[in-house]
Amino acid sequence: MSSLAQKVWRTALRAQLNPKLLGEKSFWQRLSQVGNGAFWIVAGVTFFAGAAFCQQAAFQAQALLGDQSFIGPEYIVLAFKSFGPLVVALALMSKVGSAFAAELALMRQNQSLDALVLYKQNPGARWCAPMGLALTFGAVGLGLLSTVVWELAGMVVMYGFHGIMPQSFFRPDAISRELVLLCCIKNAAFGQSIYWVSLRSGLFVGHGTTATGFSTTQAMVRGVLLILFVNLFIDFVWLRLGF
């Protein structure tokens with residue numbers, strides 16, 4: 001690991017622990033990059049994943065039990081508890097995380113980071129750390145919005161294929177404050193996971209023409225594995241707490 005990458009990594013970590021070191025303008029730019037850049041892919045992936053899941057659940061419920069009435073409450077719970085945060089995280093990793101890793105890798109290759117450090121611009125705090133905060137808040141916001149898209153997908157499928165009216169399928173009474181809290185915790189944790197994996201893959205990149213591509217692929221693979229692990233860990237702790 002190069003001393004430059006280690007220095008930027010440490011300053012990025014300190015800036016995450018002390019938001020006063022962050023550049024406010026950089027944060028809003030990064031937040032716009034996360035929100036505007038990933039909204040449509042998150043919405044699209046959430047809608048089609050939700051539609052496919054709902055269709056399969058409806059067929060299985062009808063075939064095995066002859067009753068589809070329980071799908072509505074369970075479907076909206078899954079939007080907050082499991083599938084909603086996971087779909088958002090994987091979409092963000094593929095769109096924003098990999099792009100951030102490639103951006104940092106290119107800056108390492110063309111020595112832009114060296115120049116920023118030389119001129120005391122503190123790239124760890126003013127360039128890298130704002131993305132971590134933006135991914136955290138952006139993931140929470142997109143996660144909550146994705147629950148709406150997920151529910152709309154279920155309504156469309158159940159009405160279009162099974163004739164169940166949307167007002168019958170939509171069950172907001174199944175949502176609790178604990179579910180909303182779990183959704184926010186998961187999305188925030190996933191946002192931080194995406195940031196640190198992408199930061200490491202971009203900073204500690206090798207040399208050569210293929211290094212940038214390798215760092216992007218590495219960030220994607222590691223990010224997906226870390227997201228799945230964090231999801232499992234949070235579920236385990238949540239169950240141990242008795243929720």
Side-chain angles (χ1 to χ4, degrees), residues 38-95 97 135-194 223-243:
F39 174 76
W40 290 111
I41 187 172
V42 167
V45 172
T46 303
F47 184 88
F48 290 112
F53 179 86
C54 188
Q55 182 73 315
Q56 288 298 319
F59 277 129
Q60 291 296 324
Q62 185 63 37
L64 297 176
L65 303 174
D67 179 21
Q68 297 175 334
S69 61
F70 66 91
I71 295 178
E74 291 300 323
Y75 181 79
I76 198 170
V77 166
L78 288 175
F80 286 88
K81 189 175 182 180
S82 299
F83 288 96
L86 270 177
V87 169
V88 170
L90 295 176
L92 276 178
M93 187 66 240
S94 64
K95 177 67 177 179
L135 272 170
T136 303
F137 283 98
V140 172
L142 289 171
L144 294 175
L145 286 173
S146 72
T147 61
V148 178
V149 178
W150 177 274
E151 187 66 15
L152 287 174
M155 290 180 183
V156 170
V157 167
M158 296 305 289
Y159 179 71
F161 291 93
H162 305 281
I164 296 178
M165 299 301 292
Q167 58 267 32
S168 300
F169 180 77
F170 181 51
R171 294 293 301 275
D173 55 295
I175 304 172
S176 63
R177 286 178 294 182
E178 289 78 12
L179 276 178
V180 177
L181 177 62
L182 176 61
C183 181
C184 292
I185 290 173
K186 280 192 172 186
N187 281 296
F190 293 158
Q192 280 291 299
S193 300
I194 293 168
V224 170
L225 292 175
L226 182 59
I227 287 167
L228 295 174
F229 172 77
V230 170
N231 182 68
L232 181 63
F233 177 78
I234 293 176
D235 282 341
F236 175 78
V237 173
W238 198 257
L239 288 172
R240 295 288 291 180
L241 292 175
F243 290 104

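Bear in mind the structure is a predicted one, so any value in this text is a computation, not a measurement.
The structure places CG of Leu225 at 9.5 Å from CD1 of Ile227, a figure rounded to the nearest 0.5 Å. Atom CG in Leu144 sits 7.0 Å away from atom CG in Asn187 (nearest 0.5 Å). In this structure, the separation between SG on Cys184 and CZ on Phe137 is 11.0 Å, given to the nearest 0.5 Å.
Between Leu86 and Leu228, the shortest heavy-atom distance links the atoms CD2-CD2, 4.1 Å. Taking both residues in full, the closest heavy atoms of Ala174 and Pro73 are given as CB-O, 3.8 Å, listed atom of the first, atom of the second, then distance. Across Ala58 and Ile71, no two heavy atoms sit closer than the pair CA-CD1, 3.4 Å. When all heavy atoms are compared, the tightest approach of Ser146 to Thr46 is O-CG2, 3.4 Å. Shortest non-hydrogen contact noted between Pro85 and Lys186 is CB-CB, 4.0 Å. When all heavy atoms of Gly143 and Val88 are compared, the pair lying nearest together is CA-CG2, 3.9 Å.
Residues satisfying the side-chain contact (heavy atoms from CB on, under 4.5 Å) criterion with Phe83, sequence neighbours excluded, are Phe53, Leu78, Trp150. Partners of Val230 by side-chain contact (heavy atoms from CB on, under 4.5 Å), not counting sequence neighbours, listed by chain and number: Ala189, Phe190, Ser193, Leu226, Ile234.
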Show which side-chain atoms of residues 158-171 pair as donor or acceptor with protein atoms under 3.5 Å away, not counting sequence neighbours.
residue	atom	partner	partner atom	Å
His162	NE2	Gln55	OE1	2.9
Arg171	NE	Asp173	OD1	3.0
Arg171	NH2	Asp173	OD2	3.0

